[in-house]
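Report on the following structure.
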Amino acid sequence: MNLLKKLKINHRPSSGALDLLKYIGPGLLVTVGFIDPGNWATNLAAGAEFGYALLWVVTFSSIMLIIIQHNVAHLGIVTGLCLAEATTKYMPPKISRPILASAVLASISTSLAEILGGAIALRMLFGIPIKAGAVIVTVACLIMLFSNTYKKIEKWIIMFVSIIGLFFLYELILVDVNWVEAARGWVTPTFPENSILIIMGVLGAVVMPHNLFLHSEVIQSREWNLENEAVIKKQLKYEFYDTLLAMTIGWAINSAMVILAASTFFQKHIVVDELDQAQQLLVPLVGNNAGIIFAEALLLAGISSTITSGIAGASIFAGFFGEAYQPKDVHTKIGMLLSFLPALLLIFVVGDPFRGLILSQMFLSVQLPITVFSQVYLTSSKKVMGKYANSKSTNVVLLTLGGLVTILNIVLLISLF
């Protein structure tokens with residue numbers, strides 16, 4: 001049974017702008033997955049190769065993410081269960097267990113990419129070898145997860161995301177941006193020659209399996225009485241504002257990455273395909289401060305996304321036992337370790353960071369359709385959602401987006417070979 005139901009908390013939310021602020025937070029934890037090191041790589045490649053032309057992909061992917069994440073958050077609000085718990089409760093074990101087992105593998109793959117991103121940033125800043133940096137990032141994130149509550153972690157993540165945003169705002173001030181071209185790029189779909197792979201990369205990296213489990217879990221961290229119909233309706237309303245705000249911030253930061261690359265590398269006809277290379281090239285083009293700030297922002301992104309990946313992994317593993325995420329519970333702790341330690345081991349085995357990122361993308365590509373269509377099945381079921389089940393039109397939209405994401409990831413998976 002969910003912890004919130006056990007506590008029987010009877011807080012009554014007040015109305016007004018201050019009430020809305022109480023709901024801000026869960027979406028920002030999900031946003032971290034939208035600005036993780038994998039997104040950095042694809043965004044920088046998009047801007048360096050095609051200038052402002054592919055900014056529309058960031059806009060489209062943000063809209064797509066709002067719809068899918070909004071839907072899975074509804075599952076958490078209406079049922080009081082996260083996606084993992086609902087999968088265990090409403091699907092037979094022969095189906096639910098393989099789904100969750102594959103989700104655990106996806107969480108490990110995600111942690112692999114996030115830890116690598118933080119390790120690459122430490123190498124940029126301090127010359128620390130990748131393997132040593134990976135250990136530092138892993139230990140630091142485990143300490144934060146074992147010693148902090150949801151609310152404290154939310155505050156840390158909000159602070160990190162804010163700093164990352166400010167860093168990119170500062171970097172944009174340093175470069176000469178053609179805002180007219182940028183504005184056109186945001187709303188005008190174009191397909192420059194040889195751009196399809198980059199377009200699919202940007203879109204395919206947006207919806208990640210662990211974020212779907214994460215959002216349905218963290219939305220329950222708000223202590224409102226879930227048995228009150230009026231409160232549920234208010235949660236459903238304010239959750240959308242939270243998701244919209246968070247994804248808009250993600251849109252802005254991802255756009256800033258593309259614009260930065262377009263205003264520097266594209267103008268100099270420099271192709272960038274590695275994060276280290278981008279940081280090194282920014283120094284002679286923009287100045288030493290820009291290179292340092294770029295690496296610092298990447299470090300914050302790597303740590304933040306590693307933390308949220310750990311929460312997601314813990315939530316998935318606890319879901320095997322029909323339990324919610326609870327930092328003091330043994331299943332939650334095992335889930336965190338299960339998400340991080342195999343990922344760290346793979347970093348030591350694989351050695352090459354770039355190959356490690358490819359490996360992680362491969363597992364995510366295989367598992368993502370399983371999570372997306374499991375979510376749609378649950379949120380469209382009246383047995384699960386009651387009167388809040390998806391409408392037919394909502395299902396059409398979700399299935400279309402799920403199919404699109406699936407096709408993108410299959411093509412990306414094929415392209416890796």
Side-chain angles (χ1 to χ4, degrees), residues 30 33-34 36 38-39 42 57 60-76 82-88 90-113 196-197 199-217 309 312-313 315-317 319-320 339 357-381 384-385 389-390 392 394-417:
V30 178
F34 189 21
D36 75 333
N39 286 93
T42 54
V57 185
F60 177 73
S61 62
S62 300
I63 295 172
M64 181 173 67
L65 192 62
I66 288 170
I67 295 171
I68 295 178
Q69 294 290 164
H70 178 56
N71 178 253
V72 80
H74 272 201
L75 175 70
C82 70
L83 181 55
E85 290 176 279
T87 300
T88 296
Y90 293 105
M91 292 184 181
K94 64 181 180 181
I95 296 177
S96 65
R97 292 191 178 279
I99 289 174
L100 294 182
S102 67
V104 170
L105 291 177
S107 174
I108 294 171
S109 299
T110 301
S111 296
L112 170 65
I196 296 300
L197 191 60
I199 290 173
M200 290 190 298
V202 174
L203 287 173
V206 168
V207 183
M208 304 174 72
H210 81 289
N211 262 352
L212 299 176
F213 287 95
L214 176 70
H215 203 170
S216 63
E217 176 65 59
S309 178
S315 171
I316 295 166
F317 188 77
F320 269 105
S339 179
L357 290 172
I358 290 178
L359 187 64
S360 69
Q361 183 62 55
M362 181 183 70
F363 281 112
L364 293 178
S365 299
V366 172
Q367 204 283 333
L368 180 59
I370 300 174
T371 297
V372 171
F373 290 113
S374 297
Q375 169 191 324
V376 176
Y377 168 79
L378 291 168
T379 56
S380 63
S381 169
V384 179
M385 301 289 287
N390 299 336
K392 289 183 178 179
T394 299
N395 274 337
V396 169
V397 172
L398 288 169
L399 290 172
T400 300
L401 291 177
L404 175 61
V405 171
T406 300
I407 293 170
L408 289 171
N409 279 273
I410 289 173
V411 174
L412 278 174
L413 181 61
I414 294 172
S415 72
L416 296 179
F417 298 97

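The model shown is predicted, which means the values in this text are computed figures rather than measured ones. Position 1 is the first residue of the sequence, and the numbers go up from there.
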Practice item. Begin from the C-alpha positions of Phe34 and Ser62 and carry the test side chain to side chain contact (heavy atoms under 4.5 Å, CB included) through to its verdict. Key: CA-CA 9 Å; Phe34 189 21; Ser62 300; 3.4 Å; yes
**Study point:** Residues Val72, Phe213; criterion side chain to side chain contact (heavy atoms under 4.5 Å, CB included); working and verdict
**Key:** CA-CA 8 Å; Val72 80; Phe213 287 95; over 6 Å; no
Practice item. For the pair Met91 and Leu378, evaluate side chain to side chain contact (heavy atoms under 4.5 Å, CB included) and give the outcome as yes or no after the intermediate values. Key: CA-CA 9 Å; Met91 292 184 181; Leu378 291 168; 4.1 Å; yes
Point to revise | Chi angles and distances behind the side chain to side chain contact (heavy atoms under 4.5 Å, CB included) call for Asp36, Asn39 | key: CA-CA 5 Å; Asp36 75 333; Asn39 286 93; 2.5 Å; yes
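Summarising the geometry of Tyr377 relative to Tyr90, their closest heavy-atom pair is OH-O, 4.5 Å, with the distance given to 0.1 Å. Between Glu217 and Glu85, the closest heavy-atom pair is OE1-OE1, 4.4 Å. Nearest heavy-atom pair across Ser315 and Cys82 is OG-SG, 3.5 Å. Closest approach of Leu100 to Ile316, counting heavy atoms only: O-CG2, 3.6 Å. In terms of heavy atoms, Gly313 sits closest to Ser339 at CA-CB, 4.2 Å. Smallest separation of non-hydrogen atoms from Thr87 and Ser96: O-CB, 3.3 Å.
Not counting sequence neighbours, the partners of Asn71 by the side chain to side chain donor-acceptor pair (under 3.5 Å) test are Gln375, Thr379, Asn390. Shown here are the side chain to side chain donor-acceptor pair (under 3.5 Å) partners of Thr371, two or more places apart in sequence or in another chain: Gln367. Residues passing the side chain to side chain donor-acceptor pair (under 3.5 Å) test with Thr400: none are found, sequence neighbours excluded.
To the nearest 0.5 Å, atoms CD1 (Ile63) and CD1 (Ile68) are separated by 12.5 Å. Annotation: the span from Leu65 atom CG to Asn211 atom CG amounts to 7.0 Å, rounded to 0.5 Å. Rounding to the nearest 0.5 Å gives a distance of 9.5 Å between OG of Ser107 and CG of Leu105. In this structure, OG on Ser102 lies 13.5 Å from CZ on Arg97, to the nearest 0.5 angstrom. Here the CD1 atom belonging to Ile67 is positioned 9.5 Å from the OG1 atom belonging to Thr394, to the nearest 0.5 angstrom. Atoms CE and CD, on Met64 and Gln69 in that order, are 10.5 Å from each other to the nearest 0.5 Å.
Taking 4.5 Å as the limit, some side-chain heavy atom of Met385 sits within range of a side-chain heavy atom of Leu75.
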